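Excluded from the calculations below are hydrogen atoms, water molecules and symmetry mates; all remaining heavy atoms, backbone and side chain alike, are included. Keep in mind the model is a prediction, meaning the values are calculated, not measured. Proteins get letters first, then strands, A, B, ... in listed order; numbering begins at 1 in each.
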Number of protein chains: 2
Amino acid sequence: MNPGSQHTEPKRRGRRAGGEDTKAALLAAAREVFVERGYEGATVRSIAARAGVDAAMVNHWFGGKEGLFAKAVLQLPIDPNTLVEHLLDGPDEAIGERIVRTFLTVWDPIGGGPFAAMVRSVTSHGQVADVLRGFFVNTLLRRIVAHLDAPDRDLRATLVASQIVGMGMVRYVVRFEPLASADVDTLVKAIAPNVQRYLTGDLG
Amino acid sequence: MNPGSQHTEPKRRGRRAGGEDTKAALLAAAREVFVERGYEGATVRSIAARAGVDAAMVNHWFGGKEGLFAKAVLQLPIDPNTLVEHLLDGPDEAIGERIVRTFLTVWDPIGGGPFAAMVRSVTSHGQVADVLRGFFVNTLLRRIVAHLDAPDRDLRATLVASQIVGMGMVRYVVRFEPLASADVDTLVKAIAPNVQRYLTGDLG
DNA sequence: GAAGTTTTTCAACGTACGTTGAAATAGAGC
DNA sequence: GCTCTATTTCAACGTACGTTGAAAAACTTC
C-alpha cells in the first residue's frame, strides 16, 4: 500500500520552520536522560534523539557534552539565598520541619530529578561530588547552623545532610517502599523531629 | 647503561610460574576499581592492568565483565543471618545503637567499599538497586522490625534505611566533613537515638 | 530578490570498549 | 620424556562513543 511512502525520508537540512527551539529541547531531553543514566551513561546521541535533533547540535549549542551537563544539571533550579531565607523564616524549634518539607516539596514535583542526576553522576563526573558538597553543606546547612547557638555546628550540618541525602536516595534513586510513595505530611512527621534533634538537640 | 635491557620485554605466554592466583588477583583489583569507578566506569582493561594480567583473563575466569562484577561486588561479605542475629541480640531500647555501630564497624575497615561500589553502580547496573533493596530492606530491616510490636513496620524499616544509606553516602561516597572523619563513638551517640526513634518511637 | 548569516543534517574520523580465537607456554599424567 | 591439558598473552574484531567539517536549507537584511 502506498509503495514508496513507507520509508522514512531523510530529514531536510537547514534551519527549522520557526518557533522550535532546539536549545530548549536539548536541555529538556538532557535533564531526563542525565537523571535516568548519569553522566557517563547518558550518550549525546540518545539525548539528541529524544530531543528530535542531530547529535551535532550538542556541540553547536553547548560546546559538547560537558557544557550541556553543566547547563542542564549542575545549574541549580532554585536560588540558594531565597532557599536559606525561607528555611530560617520561623521559630528555631520548627526548623527541622521546614527543612524536610521544603526539600520534599521542591523535589517531589520533578521526581527528585536533579538530585537523582547528581547521585547517578557522582562517579563519572568529578565536579558532581564537589557541587553536592558545596550546595548541601556550604551553601545551605552551614548557613543554617550558623544561626544556632549550639556546639559542633559543622558536625550538625553534616548529620542533617546525611538524613536529607538518605531520604532522597531512598525516595528518588533506589525507591524503597513505602517511603518512596509516602505522603509528604507522613514523612515530615516522621523525619522532621530527627532533623530537629541534629540541629538543636543533645548529640552526646 | 646496560643497553638492550631498557625496553620492556613482551610478557611470556603460557601458564604462570606457580602459586600465583590470577583469579584472586582479578577479584581484588575488580573490587578496587568497581568501588572507585562504578560498573560502567570500571573498564575490563583497567581491572586487568591493576591485576597485572591480560584482559582476556576476565572472560576466561568469569565469563565477562558481568560475571566479575557479580563475584566481586554483588556477593555480600557478611552472612545476613549472622548479622540479623547480632542486631537482635540485646534489649530493644538499644537496637538503634547496635545498628549504627554495626554498620560503621563493618564498613569502616574497608572504607565503605562495597557500599560505595553499589552506589556508584546504581545507574549503570540494573541489578544493583535490586540488590541494595533486597539486602537493606528485605534481608535486614524487615526482619528486624518484625520483632517489634509497633505499627507501620515497613515504613519504619525504610526510614532506618534512609538514615543508614545517608550516613554511608556522606561518610564514604561524597565525604562531607567532619562526619566523614568522625569517631565511630561520636557518630553512634549522634545517630543511634534517631534510628531508635524510627524503630520504636512515635512517628506521628 | 540577492547576499549573507544562522541553523541543521550528514558523513566521517579517531578512540575506546568488551569480547573472541588462535598461538604459545607451563604444568600434569603416565 | 612425551602427550595432553590448563593457563596466558596476543592480535584482531565489531560496536559505540564524542566530536568535527562541510554541505544544505531557512531566515534576515538591505
Side-chain angles (χ1 to χ4, degrees), chain A residues 7-30 33-34 36-73 121 123-127, chain B residues 7-30 33-34 36-73 121 123-127:
Chain A
H7 74 97
T8 43
E9 304 281 348
K11 287 191 179 170
R12 287 214 314 251
R13 296 191 177 182
R15 225 183 202 176
R16 290 255 199 106
E20 307 185 51
D21 197 339
T22 299
K23 211 169 158 183
L26 272 175
L27 273 176
V33 183
F34 279 132
E36 295 168 9
R37 302 225 168 298
Y39 182 77
E40 291 260 88
T43 69
V44 169
R45 286 175 159 91
S46 71
I47 294 170
R50 191 170 302 198
V53 300
D54 190 87
M57 291 288 90
V58 171
N59 283 276
H60 187 254
W61 288 110
F62 301 95
K65 184 183 187 179
E66 179 71 28
L68 180 57
F69 184 76
K71 287 283 185 198
V73 176
S121 306
T123 311
S124 41
H125 199 286
Q127 271 188 44
Chain B
H7 72 96
T8 43
E9 304 280 348
K11 286 192 179 170
R12 288 214 313 249
R13 296 191 178 182
R15 225 182 203 179
R16 289 254 198 107
E20 307 184 51
D21 195 339
T22 299
K23 210 169 160 183
L26 272 175
L27 273 175
V33 182
F34 280 132
E36 295 167 10
R37 301 226 166 305
Y39 182 76
E40 291 259 89
T43 69
V44 169
R45 286 174 159 90
S46 71
I47 294 170
R50 192 172 299 199
V53 300
D54 191 87
M57 290 289 90
V58 171
N59 283 276
H60 187 255
W61 288 109
F62 300 95
K65 184 184 188 178
E66 178 71 28
L68 179 56
F69 184 77
K71 285 284 185 198
V73 175
S121 306
T123 311
S124 40
H125 199 284
Q127 271 188 45

Separation of Met57(A) atom CE from dG21(D) atom P, in whole Å?
14 Å

Give the rounded distance in Å between these two atoms: CD1 of Ile47(B) and C1' of dG18(C).
11 Å

To the nearest 0.5 Å, how far apart are CH2 in Trp61(A) and CG in Asp21(A)?
7.5 Å

Considering only side-chain heavy atoms of Asp54(B), which listed nucleotide, dG18(D), dC10(D), dT8(D), is closest?
dC10(D)

N/O (side chain, Thr43(B)) to phosphate O (OP1/OP2, dA16(C)) under 4.0 Å
no

Say you draw a straight line from CG of Leu27(A) to OG1 of Thr22(A); how long is it, rounded to the nearest 0.5 Å?
11.0 Å

Report the distance from atom CG of Asn59(B) to atom C1' of dG18(C), rounded to the nearest whole Å.
7 Å

Measure from CZ on Arg45(A) to C1' on dC10(C) and round the result to the nearest Å.
12 Å

Tyr39(A) has an atom OH; how far is it from atom P of dG18(D), in whole Å?
8 Å

Take atom NE2 of His60(B) and atom P of dT20(C), then tell me their distance rounded to the nearest Å.
13 Å

Look at all strands and tell whether Ala48(A) reaches a base, only sugar-phosphate, or nothing, counting heavy atoms closer than 4.0 Å.
nothing

Is any side-chain nitrogen or oxygen of Trp61(B) closer than 4.0 Å to OP1 or OP2 of dT7(D)?
no

To the nearest angstrom, the CG-P distance between Leu26(A) and dG18(D) comes to 13 Å

Drop me the distance from Arg45(A)'s CZ to Asp54(A)'s CG, to the nearest 0.5 angstrom.
9.0 Å

In whole Å, I'd like the distance from the NZ atom of Lys65(B) to the P atom of dA16(C).
15 Å

So, taking the atom named OG1 in Thr43(B) and the one named NZ in Lys65(B), what distance separates them when rounded to the nearest 0.5 Å?
7.0 Å

Nearest of dT9(D), dT19(C), dC10(C) to any side-chain atom of Ala56(B)?
dT9(D)

